[in-house]
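Proteins get letters first, then strands, A, B, ... in listed order; numbering begins at 1 in each. Since the model is a prediction, treat every value here as computed from it, not as a measurement.
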Amino acid sequence: MLDIKFIVENPQLVKNACKVKNEPDYVDEIIELQEKRCTLIAKRDSMRSKLNDFSKEISRLAQQKEDLTEIKTHAKEISDTVKVLENELKGIEEKRDLLLLKVPNIPRENVPEGTSDKDNVIIRQWGVQKQFDFKVKDHLQLNEMLKLFDPPTGAKLTGSFFPLYTDRGARLVRALINLMLDYHTHEGKYIEILPPIIANTESLIGSAQLPKLEDDMYKLNREEYFLIPTGEVPLINMHRNEMLKESDLPINYCAYTPCFRREAGSYGKETKGLIRLHQFNKVELVKFVHPDNSWKALEELLEDIEKILQLLELFYRINLLCTADLTFASAKTYDIEVWAPGTGKWLEVSSVSNTTDFQARRMNTRFRPKNGGKPQYVHTLNGSGTAIPRIIIAILENYQNNDGSITIPETLSKYYGDKLIEIQ
RNA sequence: GGAGGGGUGCCGGAGCGGUCGAACGGGACGGUCUCGAAAACCGUUGUCCCCUUUGGGGACCGAGGGUUCGAAUCCCUCCCCCUCCGCCA
């Protein structure tokens with residue numbers, strides 16, 4: 001959420017953000033409601049002030065056992081007026097707040113202008129593209145031989161795109177989760193959290209999935225509960241409605257969680273195998289930082305995640321997203337894409353964002369500056385560290401041998417407990 | 001699931017219709033004292049909103065309604081926490 005005062009003072013800037021992010025523009029409406037609100041508050045407060053005077057007077061007269069009938073009648077009239085004004089005000093505030101939740105964050109810090117993902121900018125790549133002296137297979141063909149996951153059985157249990165991992169596939173998932181968590185938590189860099197994977201409405205508003213993405217999430221029968229679409233939701237909301245100390249910052253959390261996405265309307269697009277799923281596993285990283293440090297923190301977060309891909313020796317590139325590709329809450333985002341030679345595509349395995357104070361304002365997460373002074377909103381950042389299924393695709397396709405077996409990258413083999421996945 | 005007890009400021013904890021933005025204690029901060037520190041003593045200690053902004057006014061005691069001239073205090077709904085019993089991985 002943006003500061004209402006900022007919107008009033010910089011309408012053009014906000015309108016532009018709506019435009020480049022392809023969000024509806026409610027700025028004029030919001031400003032109009034805000035002006036109405038101020039007028040109404042002024043009226044209401046002056047009436048209330050009057051009413052308070054009457055109340056004090058009644059209290060005084062009551063002690064002297066005077067007749068209160070007349071003055072009470074008068075006070076009642078004022079009280080009724082206050083109530084009318086209050087109702088009107090409530091309506092206006094509700095409308096304003098609903099619209100405020102729909103205004104996106106503003107792109108910042110040299111985010112390239114653009115109209116589609118074609119305008120994203122590759123800022124660097126790491127590793128080397130593997131050359132094969134045989135015809136490479138994609139992860140689905142490899143899975144035919146390896147039997148690591150079993151889509152039909154997953155579909156029987158739940159539905160399509162709810163994969164079931166079996167035997168060595170299940171072990172591979174577990175090994176990856178452990179590798180990532182161990183790396184991120186070493187020397188206490190990130191604090192490991194195992195959160196609930198169901199979140200309430202307040203949490204989803206806080207991290208800014210709601211109201212926009214309601215249809216992309218699984219909603220439980222109980223109206224106010226959703227399956228989390230990302231571990232970011234519980235992690236970011238841990239400090240909702242809290243006043244932190246400046247000395248608490250930065251706070252770094254990481255968590256493994258399953259993630260649930262309806263992917264409504266995305267059928268037909270990258271729907272083969274493990275690329276796009278309704279349920280997948282992910283290790284998520286989140287940072288709460290001092291506003292002065294958030295741009296530096298974004299670079300650090302990016303490096304922390306890159307390190308995972310380096311440990312796995314995967315060929316990847318960093319994509320700086322242009323304005324059109326930025327998510328609703330983000331001020332600046334890097335995507336990390338890993339090369340999948342069998343699929344012949346770059347796969348997005350992580351998205352790393354600085355939301356500045358956008359989520360913090362929604363959540364009311366502030367800190368008190370050391371030197372006294374007014375509380376300030378923290379800045380929050382999030383990044384996948386990383387999404388497991390696409391990493392599995394990358395590992396299978398990059399580390400495949402001629403016969404279809406997979407050589408496990410060295411760092412991972414310690415976790416997996418073997419150096420090779422043989423065909424069955 | 002059943003029966004009770006609670007949610008108050010940075011923390012603990014009083015208040016149970018007006019004099020309460022809230023006693024008292026702790027913490028933190030400032031000062032006195034000290035070579036310095038501790039102790040002791042004195043003082044300070046919220047957030048948000050509106051306006052004609054060195055000033056004035058309003059709101060906030062889990063959330064939302066209600067009663068009343070007036071609600072932290074009374075009534076209703078919801079949320080959360082604790083204790084006991086039952087059930088259970």
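- Base-pair partner of B:rU68: not found among the strands shown (Watson-Crick or G-U wobble, both distances under 3.5 Å).
- B:rG70 atom P lies 15 Å from atom NZ of A:Lys50, rounded to whole Å.
- Of the side-chain N and O atoms in A:Ser49, one or more sit less than 4.0 angstrom from OP1 or OP2 of B:rG58.
- Comparing the C1' positions of B:rA22 and B:rG36 gives an interatomic distance of 40 Å, to the nearest angstrom.
- Atom C1' of B:rG55 sits at a distance of 27 Å from the matching atom of B:rG70, rounded to the whole Å.
- Annotation: A:Phe358 is in aromatic contact with A:Phe328 [ring centroid separation under 6.0 Å].
- One finds the CD atom of A:Gln359 at 13.0 Å from the NE2 atom of A:His239 (value rounded to the nearest 0.5 Å).
- Spacing between atom CZ of A:Arg361 and atom P of B:rC49 amounts to 10 Å, rounded to whole angstrom units.
- Across all strands shown, A:Lys72 has heavy atoms under 4.0 Å from base atoms, whether or not it also approaches the sugar-phosphate.
- Regarding contacts with the backbone of B:rU68, every side-chain N or O of A:Ser79 stays at 4.0 angstrom or more from both OP1 and OP2.
- You'll find that the side chain of A:Ala75 is closest to B:rC69, out of B:rC80, B:rG18, B:rC69.
- When the nucleotides B:rC49, B:rG18, B:rG70 are ranked by their closest atom to the side chain of A:Lys83, B:rG70 comes out on top.
- With a cut-off of 3.5 Å on both pairing distances, the Watson-Crick or G-U wobble partner of B:rC29 is B:rG43.
- Look at A:Arg37 and you'll find a side-chain N or O under 4.0 angstrom from OP1 or OP2 of B:rC50.
- Rounded to a whole angstrom, the distance from the P atom of B:rU54 to that of B:rC60 is 27 Å.
- A:Asp45 has its CG atom 16 Å from the C1' atom of B:rG55, to the nearest Å.
- Between A:Asn52 and B:rG57 there is no side-chain polar atom (N or O) within less than 4.0 angstrom of OP1 or OP2.
- Aromatic ring pairs are classed by plane angle as parallel below 30°, tilted from 30° to 60° and perpendicular above 60°; the pair A:Phe54 and A:His74 is tilted.
- Using N1 to N3 plus N6-O4 or O6-N4 for Watson-Crick, or N1-O2 and O6-N3 for G-U wobble, each under 3.5 Å, B:rU83 pairs with B:rA3.
- One interatomic measurement links the two molecules: CG of A:Leu51 to P of B:rA59, which rounds to 9 Å at whole-angstrom precision.
- When the C1' atom is used for both B:rG13 and B:rA72, the distance is 14 Å, rounded to whole Å.
- The residue A:Glu70 sits apart from the nucleic acid: no heavy atom pair falls under 4.0 Å.
- When Watson-Crick and G-U wobble pairs are counted only if both distances are under 3.5 Å, B:rG36 pairs with no nucleotide at all.
- Residue A:Pro375 has its side chain nearest to B:rU47 when only B:rC50, B:rG70, B:rU47 are considered.
- We find that A:Lys219 and A:Glu214 are joined by a salt bridge, their nearest charged nitrogen and carboxylate oxygen being less than 4.0 Å apart.
- Going from atom CZ of A:Arg240 over to atom P of B:rG62 covers 18 Å, rounded to whole Å.
- Using modelled atom types, no side-chain atom of A:Asn143 and backbone atom of A:Leu146 make a donor-acceptor pair closer than 3.5 Å.
- A cation-pi contact, defined as under 6.0 Å to the ring centre and within 45° of the axis, is absent between A:Arg261 and A:Phe280.
- In this entry the distance linking CG of A:Asp80 with C1' of B:rG66 reads 14 Å, nearest Å.
- Side chain of A:Arg366, nearest nucleotide from B:rU47, B:rG58, B:rC80: B:rU47.
- A:Gln34 has no side-chain polar atom (N or O) that falls below the 4.0 Å cut-off from OP1 or OP2 of B:rC49.
- Set against B:rG18, B:rG58, B:rC51, the side chain of A:Cys38 has B:rC51 as its closest nucleotide.
- Of the C1' atoms belonging to B:rC24 and B:rG9, the separation is 14 Å, rounded to the nearest Å.
- Atom CG in A:Asn364 sits about 11 Å away from atom P in B:rC49, given to the nearest Å.
- In this entry the distance linking CD1 of A:Ile58 with P of B:rC69 reads 8 Å, nearest Å.
- For the pair A:Lys282 and A:Glu284, the salt-bridge criterion is met [side-chain N within less than 4.0 Å of a carboxylate O].
- Listed nucleotides: B:rG70, B:rC49, B:rG65. Nearest to the side chain of A:Lys90: B:rG65.
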